[in-house]
Amino acid sequence: MKEKINKFLNNGVNRGLSWTTIASEKLLLALIGISTCVASAKYLYEMFVAQRIELADLFMLFIYAEILAMVGAFYSTNRIPVTLPIIVAITALCRLIIMQSKEMDGMMVMWESVAILILAGAAYLMSMKDKMSLEKLKENSATD
């Protein structure tokens, strides 16, 4: 009896939950993509009204572009590469340093720079991991 219940839960319930999870994930990512487009359009409008473009503004637009790239990557591959959010975090920290470096304590700028260095190292390691995984996959398919 217990085996039948486990089999039912593993087959029927999990399939139903899997479908709802996938649908919810796609819906939320679509909302993120739409919201990002709206936010970037609003940001561009504010830049146009101010008639001024600063480096921090370009970093912000780059962050919007990277978020859209993450959404696009998910829809094309059904997975989000880990390096993209790391790049967004690096860009956000760079923007923060540029916007506030005049008012910030020197040690705080140094710590944020260290955080960028750590994130850059993590992005490099993750890209190397992906590269090694692809090489192993090619080796395995060549031997089969």
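Please read these numbers as outputs of a predicted model, since none were measured by experiment.
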Let me confirm one number: the CZ-CD distance from Phe59 to Glu54, rounded to the nearest 0.5 Å. 12.5 Å
Tell me whether Ile87 shares a hydrophobic cluster with Leu93, the cluster being built from Ile, Leu, Val, Met, Phe, Trp, Tyr side chains joined at under 4.5 Å. no
Cluster link Ile67 to Ile34, ILVMFWY, side chain under 4.5 Å: no
Are any non-hydrogen side-chain atoms of Met70 and Phe74 less than 4.5 angstrom apart? no
Cluster check Leu29, Leu68: I/L/V/M/F/W/Y, side chain < 4.5 angstrom: no
Do Val71 and Thr36 touch side chain to side chain, with heavy atoms closer than 4.5 Å? no
Is there a path from Met126 to Ile116 through hydrophobic residues (I, L, V, M, F, W, Y) whose side chains come within less than 4.5 Å of each other? yes
Is there a side-chain contact between Met108 and Met110 in this structure, where contact means two heavy atoms from C-beta onward sitting under 4.5 Å apart? no
Checking Arg95 side chain against Ala56 main chain: does a donor-acceptor pair fall under 3.5 Å? yes
Report the distance from atom CD1 of Ile90 to atom CD of Glu66, rounding to the nearest 0.5 Å. 10.0 Å
Closest approach of Ala123 to Thr83 (non-hydrogen atoms, all atoms of both residues): O-CG2, 3.6 Å
When rounded to the nearest 0.5 Å, the distance separating CD of Glu112 from CD of Gln100 is 7.0 Å
Validation row: Lys26, Tyr75 side chains within 4.5 angstrom (heavy atoms): yes
According to a hydrophobic-cluster definition based on side-chain heavy atoms being under 4.5 Å apart (Ile, Leu, Val, Met, Phe, Trp, Tyr only), do Leu58 and Met99 belong together? no
Using 0.5 Å steps for rounding, measure from the CG atom of Leu28 to the OG atom of Ser35. 10.0 Å
Can you tell if the side chain of Leu61 reaches within under 4.5 Å of the side chain of Met47, non-hydrogen atoms only? yes
When rounded to the nearest 0.5 angstrom, what distance separates CZ in Phe62 from OG1 in Thr91? 4.5 Å
Heavy atoms only: give me the nearest Thr77-Ala73 pair and the separation to one decimal. OG1-O, 2.7 Å
Rounded to the nearest 0.5 Å, what separates atom SG in Cys94 from atom CG in Leu119? 9.5 Å
